[in-house]
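One structure is given below, encoded as structure tokens.
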2 protein chains.
Amino acid sequence: MARAATTSDVFNAIAEPQRREILVLLRTGERPVTELARKLGMTQPGASKHLRVLREVGLVRDRRAGKQRLYGLDARGLRSVHEWSGGFERFWSDRFDRLGRYVEDLNHERRGE
Amino acid sequence: MARAATTSDVFNAIAEPQRREILVLLRTGERPVTELARKLGMTQPGASKHLRVLREVGLVRDRRAGKQRLYGLDARGLRSVHEWSGGFERFWSDRFDRLGRYVEDLNHERRGE
DNA sequence: CGCTCATATGCCGATATCGGCATGCGTCAA
DNA sequence: TTGACGCATGCCGATATCGGCATATGAGCG
């Protein structure tokens, strides 16, 4: 085996700090590649590659505009991330942060299966 | 350069499907390594390695219990993921899904910087 | 057409990752 | 102490990833 199939997955796409930065920048609207590269301090090919990953998982869309290619946000895919992480919300809320977890664990002494 | 520093980051830790499964399982309480491995259909060393990553980013804690080692959830680190993804919420809500994005983009014809 | 700008792609090197296997280490019981 | 169990670690092979560089592709312009 090896490295398992991670690509093509939204969670993997946002695992990269620079890709998250791109998404944040795109919240303010469509942007051409060069501008993204410049603002984030990366090379143009670097930006293109990250954008490609984001496009493949559906988080951005591109549109031709003359010589430029504008990338825009399509954040619907982030909804699953939000919902998945939200499934743990009670574990970080004050009520459950400590005591809750402790009590829960006690309930599970039947951990044999 | 190479592969950039991704490890030691919560986003990276949850990029792995199996690690997400572990976290979900741990929502019901502490579990020993072998049980996790069995339930998720992975080998014991495999489980240990994923648990190590999760421990290093602070998403799980371990506790010795006789011969066993119990792993428990500490999901506070997922809060940042939830909040980050929540920052895009308006982009997937019905109101903004299409029209909103379109209008926003129009506002940014001043995209020269 | 030939040139230039904007972007994508290909190739490379360095490295990180994942799974499998063998083995080390600690704990408990006889 | 010896042995069994539970888990961690080390090593390996296959592969994926990221950054950098050079280059291909495409659009607009003169």
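Within every chain, numbering begins at 1; the chains are lettered A, B, ... in the order of the sequence lines, protein sequences first and strands thereafter.
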Are [X] and [N] close enough that a side-chain N or O sits under 4.0 Å from OP1 or OP2?
X	N	result
B:H50	C:dT17	no
B:R52	D:dT9	yes
B:Y71	D:dG6	no
B:R69	D:dA8	yes
A:R19	D:dC18	yes

Take the protein atom [atom1] of [X] and the nucleotide atom [atom2] of [N], then report the distance between them rounded to whole Å.
X	N	atom1	atom2	answer
B:L70	D:dA8	CG	P	11 Å
A:L54	C:dA8	CG	C1'	15 Å
B:D9	D:dC18	CG	C1'	15 Å
A:E16	D:dA16	CD	P	17 Å
A:I22	D:dC18	CD1	C1'	13 Å
B:R63	D:dG6	CZ	P	17 Å
A:E35	C:dC5	CD	P	18 Å
A:Q18	D:dC18	CD	P	9 Å

What I'd like to find out is whether the side chain of [X] reaches to under 4.5 Å of the side chain of [Y], using heavy atoms alone.
X	Y	result
A:L26	A:L59	no
A:R31	A:L25	no
A:L78	B:W84	yes
A:F88	B:V24	yes

Check your understanding: Given that B:M42 and A:T34 both sit by DNA chain C, which one's nearest nucleotide is further toward the 5' end?
Key -> A:T34
Check your understanding: Looking at residues at least two apart in the chain, or sitting in another chain, which of them share a side-chain hydrogen bond (donor to acceptor under 3.5 Å, both in side chains) with A:E89?
Key -> none
**Study point:** Listed partners of B:E21 passing side-chain hydrogen bond (donor to acceptor under 3.5 Å, both in side chains), at least two apart
**Key:** none
**Study point:** Contact state string [nucleotides 21-28 of chain C, B base, S sugar-phosphate only, - no protein heavy atom under 4.0 Å]
**Key:** BB---SBS
Study note, to complete from the structure: Winner on side-chain proximity to B:S48, out of C:dA8, C:dT17, D:dA8, is D:dA8
Study note, to complete from the structure: Of B:R63, B:R61, B:E30, B:R55, the one forming a side chain to side chain contact (heavy atoms under 4.5 Å, CB included) with B:Y71 is B:R55
